[in-house]
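Below: one structure, written as structure tokens.
Residue numbers start from 1 in every chain, and the chains themselves are labelled A, B, ... in the order their sequence lines are given, proteins ahead of strands.
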2 protein chains.
Amino acid sequence: MTPQAGSVAASGPRPGTASPDAGQRILDAAYELFSRRGIRDVGISELIDRAGVAKATFYRHYRSKDDVVLAFLSQRDELWTVNQIIAGARSRGTTPTQQLLAIFDVFGDWFIRDDFEACSFINVLLEMGPGHPLGQASIDYLARIRDHVQALAEEAGLARPEEFARSWHILMKGSIVSATEGDTHAAARAQEMAGWLIEHHQR
Amino acid sequence: MTPQAGSVAASGPRPGTASPDAGQRILDAAYELFSRRGIRDVGISELIDRAGVAKATFYRHYRSKDDVVLAFLSQRDELWTVNQIIAGARSRGTTPTQQLLAIFDVFGDWFIRDDFEACSFINVLLEMGPGHPLGQASIDYLARIRDHVQALAEEAGLARPEEFARSWHILMKGSIVSATEGDTHAAARAQEMAGWLIEHHQR
DNA sequence: TGAGGGACAGACCGGTCTGTACCGTTGTAA
DNA sequence: TTACAACGGTACAGACCGGTCTGTCCCTCA
């Protein structure tokens, strides 16, 4: 908020005329706003306000609003998909099968958070439509999630891992939408069906 | 909600002024535009253009944009949920269990249509958020879909029909999102899991 | 000491949005 | 025939949008 906040505070990564990295503040603000409120509901003015950044500074770092949304989606993939969901699930189980089922344990904890914001990739896809570049990018990131599931299925030695991952993904997405509707037990319901899916794919 | 239908009943095409009730033309245009493009992407100007109606006429029939969206959601419930999905599924099966599974047959035909527009209730819910009045209305209409499933489950004599319906609904919503991503076989995948769900709820 | 440059502030532009007001026209009822 | 109500057309108000631009401040480095 404060304009002068930490002018040289950063641990000096950039030589020369470097500064507190306004670009990072923009990305942080974009993550907060876009993940909770969607794309169209957040304007550039509010974004630069939150980041404590001038408009010209924003447009020096990003070519357009779509550009910063793409950067947000990439950040979301890293912080949420990989660091939260995949890493969280892997740490909760020892065998690949346990790790797969643990995805819905992570979901269960996530669904009951008061700042639960659903899946940004689904949100953006449905908000912008599959024809829009941002919708297409969301589809790509959703495919990456499915790839993680497929990799775990292969580690578990399950049959037809690609088909398995697509069915598994239906459970993930369906439970997220149900959680958005207010069903706090959606993760447990999906996990039950996920168990049957594993059984039917065991050789 | 209903556009008041002030003039004479629609006993025939009017010779002079408005041919087929301006209020109905507005609702028809709203259905076409909102179901295919969402809410925020469609402005009032485009809506009245499509309906062939003056702006003042629109605001004589509907108090606001939200008002006409509510009317659209109601229409969507009638034309899509009831007439297409539920009636279609009931006509395809003889027993309640067959009728339940036939939902995903209807979905399968629906997903491959080139004008596939996904589920408006999910779209509006994620577009506006669960806190917005339109999001809340969407949640209510989604609950009505679940009620239809629950009724079929009760007819089929399945155990714990409410829990069954919530799990079933996860499969419906998840497959719709997958279809939006481009998976044309999402309905078959969901149907397979739906079969297992029925098995586990048979007394 | 002074030049250079990144950051902040904010005016400004064209366009779009929802919603209102006013117009002349036309069919229907009295 | 006249009064009325609904209609299409359109200008307008006020807000907001994404994006451009100018000006000022301050830090860094030569």
Side-chain angles (χ1 to χ4, degrees), chain A residues 1-10 12-30 33-34 37-72 127-128 132-134, chain B residues 3-26 29-30 33-34 37-70 72 127-128 132-134:
Chain A
M1 280 297 179
T2 44
Q4 289 94 342
S7 42
V8 204
R14 296 266 286 169
T17 61
S19 61
D21 209 12
Q24 189 58 46
R25 291 209 309 280
I26 295 172
L27 191 53
D28 291 346
L33 293 171
F34 289 147
R37 308 236 313 272
I39 307 305
R40 296 181 118 115
D41 198 41
V42 177
I44 292 295
S45 300
E46 184 179 3
L47 174 59
I48 64 171
D49 236 39
R50 172 74 69 101
V53 147
K55 225 174 194 186
T57 305
F58 170 83
Y59 281 102
R60 200 175 298 122
H61 285 84
Y62 298 95
R63 248 169 294 160
S64 64
K65 182 182 181 182
D66 281 10
D67 202 32
V68 76
V69 173
L70 284 175
F72 153 68
E127 189 177 355
M128 312 304 290
H132 193 281
L134 296 178
Chain B
Q4 212 146 358
S7 45
V8 187
S11 51
R14 312 295 219 83
T17 41
S19 7
D21 204 295
Q24 190 58 46
R25 291 209 309 279
I26 295 172
L33 293 172
F34 289 148
R37 307 236 314 271
I39 307 304
R40 296 181 119 117
D41 197 41
V42 177
I44 292 295
S45 300
E46 184 178 3
L47 174 60
I48 66 172
D49 222 43
R50 174 71 70 100
V53 147
K55 223 175 200 187
T57 305
F58 170 82
Y59 281 101
R60 203 175 297 125
H61 288 274
Y62 298 97
R63 247 167 294 159
S64 64
K65 183 182 181 181
D66 281 11
D67 201 33
V68 75
V69 174
L70 284 175
F72 153 68
E127 189 176 356
M128 312 304 290
H132 193 282
L134 297 179

Whole angstroms only, please: what is the [atom1]-[atom2] distance between [X] and [N]?
X: B:Tyr59; N: C:dT18; atom1: OH; atom2: P; value: 7 Å
X: B:Tyr62; N: C:dT20; atom1: OH; atom2: P; value: 16 Å
X: A:Asp41; N: D:dA15; atom1: CG; atom2: P; value: 19 Å
X: A:Asp21; N: C:dG5; atom1: CG; atom2: P; value: 19 Å
X: A:Lys65; N: D:dG19; atom1: NZ; atom2: C1'; value: 12 Å
X: A:Ile44; N: D:dT20; atom1: CD1; atom2: P; value: 11 Å
X: B:Glu46; N: C:dG19; atom1: CD; atom2: P; value: 16 Å
X: B:Leu47; N: C:dG19; atom1: CG; atom2: P; value: 12 Å

Listed once per pair and sorted, the ring pair (Phe, Tyr, Trp, His ring centres under 6.0 Å) pairs that draw on residues 42-67 of chain A, sequence neighbours left out
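Qualifying pairs, neighbours excluded: A:Phe58-A:Tyr62.
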
Going by salt bridge (charged side-chain N to carboxylate O under 4.0 Å, His left out), name the pairs with one or both residues in residues 60-71 of chain A, residues two or more places apart or in two chains.
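Sorted result for residues 60-71 of chain A: empty, none.
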
Can you list the residues that meet the side-chain hydrogen bond (donor to acceptor under 3.5 Å, both in side chains) rule with A:Arg40, with sequence neighbours excluded?
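side-chain hydrogen bond (donor to acceptor under 3.5 Å, both in side chains) check on A:Arg40 returns B:Asp41.
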
Output all residues satisfying ring pair (Phe, Tyr, Trp, His ring centres under 6.0 Å) with A:Phe72, sequence neighbours left out; order by chain, then residue number.
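Residues passing ring pair (Phe, Tyr, Trp, His ring centres under 6.0 Å) with A:Phe72: A:Tyr31, A:Phe34.
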
For the CD1 atom of A:Ile26 and the CD1 atom of A:Ile48, what is their distance to the nearest 0.5 Å?
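With rounding to 0.5 Å, CD1 (A:Ile26) is 8.5 Å from CD1 (A:Ile48).
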
Could you report the tightest heavy-atom contact between A:Val68 and A:Ala30, atom names first, then the distance?
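Closest approach of A:Val68 to A:Ala30: CG2-CB, 4.2 Å.
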
Quick check on DNA chain D: between A:Arg60 and A:Ile39, whose nearest nucleotide comes earlier from the 5' end?
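In this pair, the answer is A:Ile39.
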
Can you sort out which residues in residues 48-57 of chain B have a heavy atom within less than 4.0 Å of DNA chain D? Ascending by number, please.
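When residues 48-57 of chain B is checked for heavy atoms under 4.0 Å from DNA chain D, the hits, listed by number, are B:Gly52, B:Val53, B:Ala54, B:Lys55, B:Ala56, B:Thr57.
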
Look at the side chain of B:Glu127 and the backbone N and O of B:Gly38, then say whether any donor-acceptor pair between them is shorter than 3.5 Å.
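Not a single qualifying donor-acceptor pair exists.
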
Measuring to OP1 and OP2 of C:dG6, would you say a side-chain N or O of A:His61 lies under 4.0 angstrom away?
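False: A:His61 side-chain N/O out of range (4.0 Å or more) of C:dG6 OP1/OP2.
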
Distance test, side-chain N/O of B:Arg40 to OP1/OP2 of D:dC17, below 4.0 Å
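Answer no for this pair, as no side-chain N or O of B:Arg40 is under 4.0 Å from OP1 or OP2.
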
Regarding A:Val42, tell me which of base, sugar-phosphate or nothing describes its non-hydrogen contacts under 4.0 Å with the strands shown.
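Sugar-phosphate contact only.
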
